[in-house]
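Quick note: residue numbers are just sequence positions, from 1.
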Amino acid sequence: MNNPEILPVEQLGVDVRARFIFRTYVHLAIAIAAFTGIEAFLFQSGMAESIAKAMLSTSWLLVLGAFVIVSWFASRIAFSATSPAAQYAGLAGFVVAEALIFVPMLYIAQGIAPGVIQSAAMVTLLGFGGLTAIAFLSRQDFSFFGAVLKWGFVMALVAIVGGVVFGFQLGLWFSVAMVAMAGASILYDTSNIIRYFPEDRYVGAALELFASVALMFWYVLRIFISARR
C-alpha cells in the first residue's frame, strides 16, 4: 500500500469510493451467507458431530489458538494480496477454515441451549452495525488501534499457550476482553477501508471485515455459553 502508483480510495472520486464500499459490503454479506450455508450443511448432514468430537478430543485451548492465528493470518492476506484471484482464494479459504473451526463451539452451544447461537449472532450483527455506523459517521481515523490490536493478539496467544502449558482455563473476562478487541478491530478495519485500501482490493477488505466479525461472534457465543452453564 506504500506504492505511490496505487492511490487509496480516499483520494479517488466520490463515485469510485462509493462503488468500492458497496462492493466490499456485498462481498462481506456473501462471505457471511457462505459461512452460514457451510455450517448448515455440516450439521444437517451429521458431519458436524464427527468433526466436533475429533477437535474436542484435543485441548480446547488449542482450538482457540487456531482461531486467533487464522484470524490474524486472514488480515495479513487482506493487506498483501494484490490480484483478484489471490483475494478470492484467501476469502474462500478463510470462510471454509472458519466454518470448520466454529463447528465444536456451535456443537457445544446447540447442546447446552437451543437458540443461543441465534442470540449470539444477533448481538454480533447489532454490535457490528453500531461500530460501523460510528466509523462512518464520526469520520475518525481509527488507524491508531493498529499497534494496540497487534499487542493484544500477541497477549491473547500468550494467554492461550499459558493455559495449554499450565492447565488453567480462560474464563469469562478473557472472552469479554476479546469481544472488546474484536470491536476495536471492526473500527480499525472500517477506518482503513474508508481511507487506505486501493479500489481494487474490495475482496481483501471484505475478508478483513469478515475476520473481525467472526472474532466477535466467537467470543460473544462463548459468553452466552458460559452464562447458560
**Partners meeting ring-ring contact (aromatic ring centres under 6.0 Å, His included) with F41 (sequence neighbours left out)** =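 Expected list: none.
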
[X] side chain near [Y] side chain, heavy-atom distance below 4.5 Å:
| X | Y | value |
| --- | --- | --- |
| I134 | T190 | no |
| I38 | F35 | no |
| I193 | R201 | no |
| Y219 | M181 | no |
| L215 | I186 | no |

Taking a hydrophobic cluster as the set of Ile, Leu, Val, Met, Phe, Trp and Tyr residues connected by side-chain heavy atoms closer than 4.5 Å, whether directly or through intermediates, do [X] and [Y] fall within one such cluster?
| X | Y | result |
| --- | --- | --- |
| L131 | F144 | yes |
| I21 | L137 | no |
| L209 | F136 | yes |
| V213 | V96 | yes |
| W151 | L187 | no |

Show the nearest heavy-atom pair for residues [X] and [Y], with the distance to one decimal.
| X | Y | result |
| --- | --- | --- |
| A159 | F174 | CB-CE1, 4.1 Å |
| I225 | A109 | CD1-CB, 3.8 Å |
| F20 | P198 | CE1-O, 3.3 Å |
| R23 | H27 | O-ND1, 2.8 Å |
| A135 | I194 | O-CD1, 4.1 Å |
| V103 | F43 | O-CZ, 4.0 Å |

**Prompt:** Cluster partners of I30, using ILVMFWY side-chain heavy atoms under 4.5 angstrom, listed by chain and number?
**Reply:**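 Noted: I30 shares its cluster with F22, V26.
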
**Message:** Just to verify, what does V148 make a side-chain contact (heavy atoms from CB on, under 4.5 Å) with, not counting sequence neighbours?
**Reply:**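 By the side-chain contact (heavy atoms from CB on, under 4.5 Å) rule, V148 matches no residue at all.
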
**Request:** Kindly write out the residues that satisfy side-chain contact (heavy atoms from CB on, under 4.5 Å) with E199, not counting sequence neighbours, or none if the list is empty.
**Result:**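 Per chain and number, E199 pairs via side-chain contact (heavy atoms from CB on, under 4.5 Å) with L12, V16, R19.
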
Run the side-chain donor-acceptor check on residues 112-129: report pairs under 3.5 Å with partners two or more places apart or on a different chain.
from, atom 1, to, atom 2, distance (Å)
S119, OG, G115, O, 3.2
T124, OG1, A120, O, 2.8

Partner residues of [X] under the side-chain hydrogen bond (donor to acceptor under 3.5 Å, both in side chains) criterion, sequence neighbours left out:
| X | value |
| --- | --- |
| S212 | S185, D189 |
| Y25 | none |
| Q140 | none |
| T36 | none |

**Message:** Distance check, rounded to the nearest 0.5 Å: R222 atom CZ versus I108 atom CD1?
**Reply:**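 Answer for the CZ-CD1 pair, R222 versus I108, is 9.0 Å.
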
**Asked** Taking only residues at least two apart or on different chains, which pairs with a member in residues 42-55 satisfy side chain to side chain donor-acceptor pair (under 3.5 Å)?
**Response**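 Matches after skipping sequence neighbours: E49-K53.
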
**Request:** Sequence neighbours left out, what pairs pass salt bridge (charged side-chain N to carboxylate O under 4.0 Å, His left out) with at least one residue falling in residues 85-97?
**Result:**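 Residue pairs with at least one partner in residues 85-97: there are none.
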
**Request:** Return each pair, listed once, that meets salt bridge (charged side-chain N to carboxylate O under 4.0 Å, His left out) where at least one residue sits in residues 119-147; pairs must be two or more places apart or across chains.
**Result:**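 Listed once each, the pairs would be none.
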
**Asked** Got a donor-acceptor contact below 3.5 angstrom from the S191 side chain to the Y188 backbone?
**Response**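 No; judged by distance alone, with no hydrogens or angles, the pair does not exist.
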
